[in-house]
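What you see below is based on every heavy atom in this structure, not just the backbone, and it leaves out hydrogens, waters and symmetry mates.
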Amino acid sequence: MQRFELLILGSGSALPTNSRNPSAQLLCVAERFFLIDCGEGTQLQLRKFKTSFGRINAIFISHLHGDHFFGLIGLLQSFHLLGRKNPLRLYGPPPLKEVIDVLNKVSDTRLQYPLEFHSTQAKTVELIFEDDKVEVYTFPLKHKLDCTGFLFREKPFPRNILPEKLKEFGVCHSEIHRLKQGLDVISENGELIHADVLTRPGPKPRSYAYCSDTMYHEELIPLLNNVSVLYHESTFLEDMRERANKTMHSTAKDAAKIAAQANAGQLILGHFSSRYENPDLFLDEAATLFSNCMLANDGKLFQITVSK
């Protein structure tokens, strides 16, 4: 089965600490490598956790608060210095292109690789990337700035052929391509054979949702329904509910509530405020509403195998 795994590069919020960098994650789906947000120091984290810069196919920036993109300019420059030639796709809010253009101009930087910028919008759900293996959607979050989450979904897998059934019903091997797509076929004696007689379903596609900075937002629930793994920011605990509301962030309990209502397979908590020294408190709070929770610690690698 194709690889689907998540590496946490940064799990803290605005102020980095000795153990937590600002937000950044590297997601691998079928050997496509997607960088999600790029807080300060992300390129150092990529080196620390032995990840090749050249394997990154696309970068997704959720919004323009500094702890989510201040590492981007340095990373783009490093791609240039390392001799990158392959195109790099960059998805983010429209003003991000202006920021990059200005900084490249004042620093007299001319990237030696094509940088393909794709604007995102924070009003509706939108399909922004698709190939034969994966599709990526943006969806609106509820924060002080326009902010989007990202949903990564595997494309449906082909159906599995039952060779003994092909022989039993006299179906030519030339029909295998149709059968893998779930299409009915005609046997050698002219009989219509349904695909479900000759095949069994392939693995269930997996999915990963990244909910960057946001306060509790019920409108997310239908979109996130049955997601395999949900990352949801949990900047605060309930002891700082007033602060969470004022800054339009979530508590661990908010994140757990979304996960439970969306019937998520697993919840990853992250974007922790530096005010808290004991991260287990976030697990304790979330577990009151949703049991299958993990912490997004820097360097943690998650294998996404859950499928609802």
Side-chain angles (χ1 to χ4, degrees), residues 5-17 20-29 32-49 51 53 55-76 78-79 88-97 99-100 115 117-122 128-129 136-152 208-214 220 229-235 247-250 255 268-274 295-302:
E5 61 186 29
L6 176 74
L7 174 64
I8 306 299
L9 300 170
S11 58
S13 56
L15 286 176
T17 68
R20 296 189 187 280
N21 269 43
S23 293
Q25 301 182 359
L26 187 68
L27 182 69
C28 173
V29 186
R32 283 88 167 140
F33 286 82
F34 303 127
L35 181 65
I36 311 170
D37 277 340
C38 190
E40 181 183 352
T42 293
Q43 62 176 314
L44 296 179
Q45 295 290 83
L46 288 167
R47 290 194 181 280
K48 179 179 179 180
F49 300 124
T51 299
F53 286 26
R55 302 189 76 181
I56 296 175
N57 305 106
I59 300 175
F60 300 85
I61 302 297
S62 62
H63 67 297
L64 296 184
H65 277 152
D67 55 323
H68 292 260
F69 86 103
F70 276 176
L72 179 61
I73 298 299
L75 180 59
L76 296 180
S78 290
F79 284 139
L88 177 68
R89 297 186 182 95
L90 174 60
Y91 299 83
L96 180 58
K97 185 178 186 304
V99 171
I100 294 170
L115 182 62
F117 183 76
H118 302 266
S119 294
T120 57
Q121 50 83 27
I128 59 170
F129 175 88
V136 184
Y137 293 84
T138 58
F139 53 89
L141 296 174
K142 196 172 183 180
H143 194 47
K144 284 190 169 184
L145 288 182
D146 281 353
C147 185
T148 61
F150 299 104
L151 175 63
F152 301 81
Y208 173 66
Y210 175 83
C211 290
S212 179
D213 293 12
T214 184
L220 296 176
V229 177
L230 168 64
Y231 169 86
H232 196 291
E233 73 116 297
S234 53
T235 308
T247 58
M248 300 185 76
H249 281 294
S250 292
I268 300 175
L269 301 170
H271 200 261
F272 307 116
S273 169
S274 59
L295 296 177
N297 295 320
D298 290 21
K300 174 71 175 177
L301 182 68
F302 293 92

- Message: How close do L9 and T42 get, counting heavy atoms only, and between which atoms?
- Response: CD1-CG2, 4.1 Å

- Item | Set of side chain to side chain contact (heavy atoms under 4.5 Å, CB included) partners for S13, sequence neighbours left out | T235, H271, S273

- Task: Please report the shortest heavy-atom distance between M248 and H143, naming the atom on each side.
- Result: O-ND1, 2.9 Å

- Query: Taking all atoms of both residues into account, what is the closest heavy-atom pair of Y210 and D37, and its distance?
  - Reply: OH-OD2, 2.6 Å

- Message: Please report the interatomic distance CD(Q45) to CG(L75), rounded to the nearest 0.5 Å.
- Response: 12.5 Å

- Measure the spacing between NZ of K142 and CG of D213 and express it to the nearest 0.5 Å. 15.0 Å

- Message: Using 0.5 Å steps for rounding, measure from the CZ atom of F79 to the CD1 atom of I59.
- Response: 5.0 Å

- Minimum side-chain heavy-atom gap F302-I8 below 4.5 Å: yes

- Query: Shortest non-hydrogen contact from L76 to I100?
  - Reply: CD1-CD1, 4.0 Å

- Task: Please step through ring-ring contact (aromatic ring centres under 6.0 Å, His included) for the pair F34 and F60, ending with a clear verdict.
- Result: CA-CA 7 Å; F34 303 127; F60 300 85; 5.7 Å; yes

- Ring-ring centroid check F129 F152, cutoff 6.0 Å: no

- For residues 56-69, pull every pair meeting salt bridge (charged side-chain N to carboxylate O under 4.0 Å, His left out), keeping only residues two or more places apart or in separate chains. none

- Item | side-chain contact (heavy atoms from CB on, under 4.5 Å) between H232 and L269, intermediate numbers included | CA-CA 6 Å; H232 196 291; L269 301 170; 5.6 Å; no

- Is any side-chain heavy atom of C211 less than 4.5 Å from a side-chain heavy atom of L220? yes

- Query: How many angstroms lie between NZ in K300 and CG in L7, if you round to the nearest 0.5 Å?
  - Reply: 11.0 Å

- Task: For S11 and D298, run side chain to side chain donor-acceptor pair (under 3.5 Å): C-alpha distance rounded to whole Å, both residues' side-chain angles, the deciding distance at 0.1 Å, then the answer.
- Result: CA-CA 6 Å; S11 58; D298 290 21; 2.6 Å; yes

- Message: Does any part of the side chain of S212, heavy atoms only, come nearer than 4.5 Å to the side chain of E233, both counted from C-beta?
- Response: no

- Task: Using distance alone, with no hydrogens and no angle criterion, decide if T148 and T138 have a side-chain donor and acceptor under 3.5 Å apart.
- Result: no

- If you take all heavy atoms of A122 and P140, which pair is closest and at what distance? O-CB, 3.3 Å

- Is any side-chain heavy atom of I61 closer than 4.5 Å to a side-chain heavy atom of L96? yes

- Flag side-chain contact, heavy atom, 4.5 Å: L46 against I56: yes

- Item | Side chain to side chain, Y91 and V136, heavy atoms closer than 4.5 Å | no

- For the residue pair G92 and F117, what are the closest heavy atoms and their distance? O-CZ, 3.6 Å

- In Å and rounded to the nearest 0.5 Å, what is the CG to CG distance from L115 to L90? 5.5 Å

Under 3.5 Å, side-chain donor or acceptor atoms of residues 21-28 against the rest of the protein: list the pairs with distances, not counting sequence neighbours.
| residue | atom | partner | partner atom | Å |
| --- | --- | --- | --- | --- |
| N21 | ND2 | E40 | O | 3.4 |
| Q25 | OE1 | Y208 | OH | 2.5 |

- Task: Evaluate the side-chain proximity of T120 to D146: yes if any heavy-atom separation is below 4.5 Å, no if none is.
- Result: no

- Query: Can you check whether V229 reaches I268 side chain to side chain, under 4.5 Å on heavy atoms?
  - Reply: yes

